[in-house]
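Note that ligands are numbered from 1 as they come in the structure, with each ligand's atoms numbered from 1 the same way.
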Amino acid sequence: MKVLVINAGSSSLKYQLYDMRGETVLASGRVERIGMDSSIVTHEPADKPEVRSVSEILDHVTAVKRVTDMLTDAEHGVIAQLSEIQAVGHRVVHGGEAFSSSVLVTSEVKLEIRKLFDLAPLHNPAHMMGIAAVEANMPGVPQAVVFDTAFHQTMPQSSYLYPIPKVLYRRHQIRRYGFHGTSHSYVSDQAAVYLGKPLESLKMVTCHIGNGASCTAILDGKSFDTSMGMTPLEGLMMGTRSGDLDPAIVPFVMNKEELTLNEVNSMLNKHSGMLAISGISSDMREVTEAMNDGDASAKLAFDMYVYRVKKYIGAYAAAMNGLDTLVFTAGVGENSVALRQAVCEGISFLGIELDAERNALRSKEAREISTDASRVKVLVVPTNEELLIARDTYKLVEQAKTPATP
Ligand code: ADP
């Protein structure tokens, strides 16, 4: 079966086409600047050169049409006809409390996703446009949705409730949901496979550290707590996001600086984090480079960033009453030797012993970077959210084909 994975944003749409026999990627690409006059389509077939075109793409229906045209194109395509794509899987950021696993798209599911527009105003409406665009271009093809929040639905109330009036939870569903769930789920499974142990037997912290960043405590094979909250702003210091701060700062700053709600929101989401402290960049590579050249603000940004990762690992080790596996993933987690070293050296009392040589090795495979003697196993596991979306979609479509046994 061939499965198309789609990640639809408000003005962009990323795609990957998988052949599920062997789980190989046949092609990937993206449409950028949807809704503008010079939209860009970048198409990367696995065995052919990349192609790029600029044209007017005013909506998601046209964007999906361009994608399917590319996939079936005589010169740049990878399939002979569209009917070879037997399922489409979508990334959906917010599944609220309605979804604790991936599901096939039905009219009820679409209604539930719509109900969550308030909680994810930037993401869920765009995902719905992606789903509608596939319906328009590929009628009858089953679609599945895979939620960033679903993996964290196992958190106990003591992890997900905020200590504020309970009526706010009842009225507005204000609670911790957590994000990056697809990634935390994927890398925790991979880590258990690598170690040859059942995931249920491990006390694990997974650190997904990219532009956005979150740590998850995994106990009994399930998400027990996670650092992002009702929105992806809470938790670790990130590229441009503040992460945790005293909530009283918000009204204080609004008052002193005469900022509107939108302005303060934008400050905390887009102009804070590593960018604000370093004054240089939100990109870890540039900050590390400046730090190595002696820039004091870059060093402070790096130190604060590391400090907060350490605090979360320590907190989650305490929350689980133990830790035996620590996993790094995503852009920074997979690539920054300096970050992993700084984090691990500072929490050696937990039983973490980093092997400097293993830490410095580069590989696209899951690997251990702790010493053989280290009580806590430290792993780097490359994440692959698209593959998990393709797998879930494939599974759901296959299950739907099998008649239920009485
Ligand atoms: P996103 O959250 O947007 O998916 P990624 O997971 O791709 O982001 O992570 C992007 C981050 O990874 C950037 O801060 C970038 O600097 C960092 N990164 C990528 N490669 C390296 C590297 N070799 N060393 C340090 N940081 C890196």
Side-chain angles (χ1 to χ4, degrees), residues 5-16 28 30 32 42 44 91-93 120 122-123 126 146 148-149 178-187 190 206-216 226-228 231-243 269-293 295 297-299 301-306 308-309 327-344 359-367 369 380-389:
V5 173
I6 288 187
N7 183 353
S10 54
S11 66
S12 72
L13 186 144
K14 294 189 200 138
Y15 64 93
Q16 278 199 359
S28 56
R30 59 192 178 277
E32 292 160 285
T42 312
E44 300 171 45
R91 174 199 182 211
V92 174
V93 164
L122 297 180
H123 294 102
V146 179
D148 275 18
T149 49
F179 297 88
H180 294 143
T182 315
S183 178
H184 289 293
S185 167
Y186 179 80
V187 300
Q190 294 291 113
T206 47
C207 305
H208 175 111
I209 309 183
N211 283 319
S214 64
C215 283
T216 295
T226 191
S227 60
M228 281 180 168
T231 76
L233 181 58
E234 193 182 347
L236 299 171
M237 173 171 158
M238 306 177 215
T240 61
R241 287 174 239 168
S242 64
N269 277 290
K270 297 187 182 142
H271 306 285
S272 295
M274 206 152 54
L275 174 65
I277 301 298
S278 71
I280 294 170
S281 170
S282 61
D283 191 298
M284 179 56 96
R285 279 166 295 201
E286 290 176 29
V287 171
T288 315
E289 226 174 270
M291 174 177 79
N292 293 339
D293 289 343
D295 187 287
S297 299
K299 165 119 178 63
F302 182 85
D303 289 348
M304 284 173 65
Y305 194 92
V306 165
R308 287 174 171 230
V309 178
V327 179
F328 288 98
T329 192
V332 177
E334 289 169 34
N335 296 300
S336 176
V337 176
L339 172 111
R340 294 193 302 256
Q341 182 181 342
V343 167
C344 290
N359 186 37
L361 284 180
R362 295 203 169 273
S363 159
K364 289 208 153 76
E365 303 293 320
R367 63 193 189 279
I369 57 169
V380 176
V381 180
T383 192
N384 194 341
E385 291 160 278
E386 292 78 14
L387 176 57
L388 200 140
I389 294 171

Give, for atom CG of N211 and atom CG of D283, the distance between the pair rounded to the nearest 0.5 Å.
7.0 Å
Should the pair E334-K364 be classified as a salt bridge under the 4.0 Å nitrogen-to-oxygen rule?
no
Under 4.0 Å from ligand 1 - residues by heavy atom, chain and number
G210, N211, G212, S282, D283, M284, R285, A330, G331, V332, N335, S336
Please report the C-alpha distance between E365 and R367 in whole Å, then the side-chain angles of each, then the deciding distance to 0.1 Å, and finally whether the salt bridge (charged side-chain N to carboxylate O under 4.0 Å, His left out) criterion is met.
CA-CA 6 Å; E365 303 293 320; R367 63 193 189 279; over 6 Å; no
Which distance, rounded to the nearest 0.5 Å, do you find between the CZ of F328 and the OG1 of T206?
11.0 Å
For S183 and H208, test the side chains for any donor-to-acceptor distance below 3.5 angstrom and give the result as yes or no.
yes
Check ion pair D303-K299 (N to O, under 4.0 angstrom):
yes
